[in-house]
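See below for the structure under consideration.
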Amino acid sequence: MRTATLGPAQRAEALARMAERELDVLVVGAGVVGAGTALDAVTRGLSTGLVEARDWASGTSSRSSKLIHGGLRYLEMLDFALVREALKERGLLLGRLAPHLVKPVPFLYPLQHKGWERFYAGSGVALYDAMSLSSGHGRGLPVHRHLSRRRALRVAPALRKDALVGALQYYDAQMDDARYVATLVRTAAAYGTHCANRARVVGFLREGERVVGATVRDVEGGGEYEIRAKQVVNATGVWTDDTQALIGERGQFHVRASKGIHLVVPKDRIHSSTGLILRTEKSVLFVIPWGRHWIIGTTDTDWDLDKAHPAASSADIDYLLEHVNSVLAVPLTRDDVQGVYAGLRPLLAGESDATSKLSREHTVAHPVPGLVVVAGGKYTTYRVMAKDAVDEAVHGLDQRVAECVTEDVPLVGAEGYHALWNARARIAGRAGLHVVRVEHLLNRYGSLTEELLDLIAADPGLARPVTGAEDYLRAEIVYAASHEGARHLDDVLTRRTRISIETFDRGTGSARECAELMAPVLGWDKQQIEKEVEHYDKRVQAERESQRQPDDQTADAARLGAPDIVPL
């Protein structure tokens, strides 16, 4: 399979091609569900387009807990169908679809009561493992184990001795959510999907009651395109209601936004060889291994302010620190927090006012002829959501269409990954890199690592690490712009890499160097470089200011102090 390159020229060509002739399916929104829908449609033989108003995964899909999991807590809610479905997807991603991106991660669940809690929680985790194995895709992870307090403290010395009487350890999986979506988009493009980011739907084309396409504005170049399609799929997540409003229809359901924030702290602040899962009064709290860091999250609160830039308030940060410190021998302070990010979950509104009780199921609807809406769900089950959305769209097509095949379609970079991993020392020697650098690349790009090594061979200076963000090579910054559709500095520092949350300066020290690396690919002059750096610096300042505010309203106002570099 040829690898799709998503550079500036390919973006311009995609927009032109979509406007040339009627598509079978146009997907609006390139989060994980939209990108997955585009891949599902194109691999059934349908001509497919994908447009995104901002950047791939710039909404919910880059701001999650970065877990691929069955949802252990949904067992307690007796939602067995959702857990079984998610565990099957977890196994597929680990073993077949994206082994280069999705990795096992261990979690320790501290027990605080003798006797009954070990039986109760242990039964739940045992059922979790059994359901995983029964799915036929659960053999890639170790089964759970029971630990005494002494053994638990050996695994996680950071825990206070009086915080547990014993523990359970089990496994789930994790990935870099934004990187996963970018890879999903490239996979869809490799099979023939026309993909364009920074392309906003500003209206729908109608013939009578029927939707027959969309008017799409190129927010970079300023032009507008009429893209006709037999079926349009609205996969815009927390923006679902806003998109539906463009046809004067709210639709058959309502999507509410629930805010979840996460803290990123250095690895040495919590002495543990395993992640942690802690029960709170509202939900659960995760402490997740993340390279040389930990991710701590999440909160779960209603949000009805700016959807593009949900803000973390001082109260949100205090909430997470208070709960994680309740079990740590050495408490964390504000000074330990390297990064903070906030995201919005798209929840289907139910009768409950508590967002933690709203549905994580997904829904597909056909509110008017020619328009399919998919909403709700969780990251892990994106492929099932995509299948259901395309199945619904197929009902409106006057042609025979193949069944979904994405269960057997690995993402680009997956093929040959294991062989390259086994040869990583030899690859490192050939490329003149340390083997740790090659491992880093393989776990982010899989077999596409060869494309980055080609960049380095052409310009050996790209083998150097980024100043102030030494985990990343300069080649990755160039590659993000030339191959992965990055259009602006924020795209690279926030989503193609995680420099914005993995450094204490939030990436401001790396911004200029990264902008200068992107400039030749994107045709930037010195003025544009200055503009990119200035906008990024203002964004970081606004985020820091919002995180000092006491509540959502003041935090939102502070965050909105930094405008987007491309106004929508």
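Predicted, not measured: the structure shown is a model, and the values here were computed from it.
In summary, of the residues considered (Leu348, Leu344, Thr236, Leu347), a side-chain contact (heavy atoms from CB on, under 4.5 Å) with Val255 occurs for Leu348 alone.
For the 3.5 Å distance criterion, the side chains of His488 and Asp55 fail to qualify, holding no donor opposite an acceptor. Counted by atom type alone, His366 and Glu392 present one or more donor-acceptor pairs between their side chains at under 3.5 Å. Counting only N and O atoms by type, the side chains of Arg559 and His309 include a donor and acceptor under 3.5 Å apart. Ser47 and Asp24 form a side-chain donor-acceptor contact under 3.5 Å, judged by distance and modelled atom types alone. With 3.5 Å as the limit, one finds a donor-acceptor pair spanning the side chains of Glu476 and His440.
Formation of a donor-acceptor pair under 3.5 Å by the Thr497 side chain with backbone atoms of Val492 is found in this model. At least one donor-acceptor pair closer than 3.5 Å links the side chain of Asp176 to the backbone N or O of Ala178. Of the possible polar contacts, none joining the Thr449 side chain to the Tyr445 backbone as a donor-acceptor pair under 3.5 Å is found.
The side chain to side chain contact (heavy atoms under 4.5 Å, CB included) check on Val284 picks up Arg73, Ile277, Phe286, with sequence neighbours excluded. Shown here are the side chain to side chain contact (heavy atoms under 4.5 Å, CB included) partners of Ala308, two or more places apart in sequence or in another chain: Arg54, Trp239, Asp306. By the side chain to side chain contact (heavy atoms under 4.5 Å, CB included) test, His418 is found to be paired with Pro99, residues two or more places apart in sequence or in another chain being considered. Looking at residues two or more places apart in sequence or on another chain, you find no salt bridge (Lys or Arg N to Asp or Glu O under 4.0 Å) involving Glu226. Remark: Glu22 engages no residue in a salt bridge (Lys or Arg N to Asp or Glu O under 4.0 Å) (not counting sequence neighbours). For Tyr180, the ring pair (Phe, Tyr, Trp, His ring centres under 6.0 Å) partners at least two apart in sequence or on another chain are Tyr382. Among residues two or more places apart in sequence or in another chain, the ring pair (Phe, Tyr, Trp, His ring centres under 6.0 Å) test is passed with His262 by Tyr341. In terms of the ring pair (Phe, Tyr, Trp, His ring centres under 6.0 Å) criterion, Tyr536 has no residue partners (sequence neighbours excluded). The salt bridge (Lys or Arg N to Asp or Glu O under 4.0 Å) test applied to Glu85 returns no partner, not counting sequence neighbours. Applying the side chain to side chain contact (heavy atoms under 4.5 Å, CB included) criterion to Ser61, with sequence neighbours excluded, gives Val32, Ala57, Val181, Tyr379. Judged as a ring pair (Phe, Tyr, Trp, His ring centres under 6.0 Å), and not counting sequence neighbours, His535 has no contacts.
Atom CZ of Arg84 sits about 8.5 Å away from atom CZ of Phe80, to the nearest 0.5 Å. How far NZ of Lys307 is from CG of Asp242: 4.0 Å, rounded to the nearest 0.5 Å. Taken to the nearest 0.5 Å, the CD atom of Glu532 stands 11.5 Å off from the SG atom of Cys514. In this structure, Ile227 CD1 and Glu20 CD are separated by 11.5 Å, a value rounded to the nearest 0.5 Å. To the nearest 0.5 Å, atoms CZ (Phe107) and CD (Gln174) are separated by 7.0 Å. If you take CH2 on Trp56 and CG on Asn197, they are separated by 4.0 Å, rounding to the nearest 0.5 Å.
Counting only heavy atoms from C-beta outward, the side chains of Ser64 and Lys378 never approach each other to under 4.5 Å. You'll find the side chain of Thr183 reaches within 4.5 Å of the side chain of Val412, heavy atoms only. Two residues are said to be in side-chain contact when any heavy atoms from C-beta on lie closer than 4.5 Å; Tyr170 and Leu141 fail this criterion. Between Leu39 and Thr406 the shortest side-chain heavy-atom distance falls below 4.5 Å. In this structure, His483 and Leu452 have side chains that are not in contact, with every pair of non-hydrogen atoms separated by 4.5 Å or more. A 4.5 Å side-chain heavy-atom check between Val33 and His362 finds every atom pair outside the cut-off. Counting heavy atoms from C-beta outward, Tyr128 and Asp172 have side chains that approach closer than 4.5 Å. Residues Tyr225 and Met18 fail the side-chain proximity criterion, which asks for heavy atoms closer than 4.5 Å.
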**Study point:** CA sep, side-chain torsions, deciding dist, call: Asn234, Thr240, side-chain contact (heavy atoms from CB on, under 4.5 Å)
**Key:** CA-CA 7 Å; Asn234 175 6; Thr240 298; 4.0 Å; yes

Practice item. Could you walk me through whether Leu433 and Leu453 pass side-chain contact (heavy atoms from CB on, under 4.5 Å), step by step? Key: CA-CA 10 Å; Leu433 295 171; Leu453 297 181; 3.8 Å; yes

Review point. Run the side-chain contact (heavy atoms from CB on, under 4.5 Å) check on Ile427 and Trp421 step by step: do they pass?
Key: CA-CA 9 Å; Ile427 294 170; Trp421 180 261; over 6 Å; no

Practice item. Report the C-alpha distance between Arg345 and Asp300 in whole Å, list the side-chain angles of each, state the deciding distance to 0.1 Å, and finish with yes or no for salt bridge (Lys or Arg N to Asp or Glu O under 4.0 Å). Key: CA-CA 9 Å; Arg345 303 175 193 86; Asp300 195 349; 3.4 Å; yes

Point to revise | Working for salt bridge (Lys or Arg N to Asp or Glu O under 4.0 Å), residues Glu89 and Lys387 | key: CA-CA 13 Å; Glu89 294 304 310; Lys387 173 187 178 299; over 6 Å; no

Exercise for review: Applying salt bridge (Lys or Arg N to Asp or Glu O under 4.0 Å), run through Asp241 and Arg256 and close with a yes or a no.
Suggested key: CA-CA 9 Å; Asp241 291 6; Arg256 275 176 60 184; over 6 Å; no

Review point. Should Ile288 and Ser65 be marked as a side-chain contact (heavy atoms from CB on, under 4.5 Å) after you check the CA-CA gap, both sets of side-chain angles, and the distance that decides it?
Key: CA-CA 8 Å; Ile288 305 162; Ser65 296; 4.1 Å; yes

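When all heavy atoms are compared, the tightest approach of His293 to Val264 is CB-CG1, 3.8 Å. The two residues Leu411 and Thr187 make their nearest non-hydrogen contact at CA-OG1, 3.5 Å. Closest of all the heavy-atom pairs between Glu407 and Arg96 is O-NH1, 2.9 Å. Nearest heavy-atom pair across Leu101 and Arg444 is CD2-O, 3.5 Å. The heavy-atom pair separating Ile68 from Thr380 by the smallest distance is CA-OG1, 3.5 Å. Closest heavy-atom contact between Leu455 and Ala475: CD1-O, 4.0 Å.
Taking a cutoff of 4.0 Å between a charged side-chain nitrogen and a carboxylate oxygen, Arg186 and Glu451 qualify as a salt bridge.
Glu403 CD: 12 or fewer foreign heavy atoms inside a 6.0 Å radius.
Among residues at least two apart or in separate chains, salt bridge (charged side-chain N to carboxylate O under 4.0 Å, His left out) pairs with a member in residues 477-491 are Arg179-Glu484, Arg198-Asp491, Glu220-Arg487, Asp490-Arg495, Asp490-Arg539, Asp491-Arg495.
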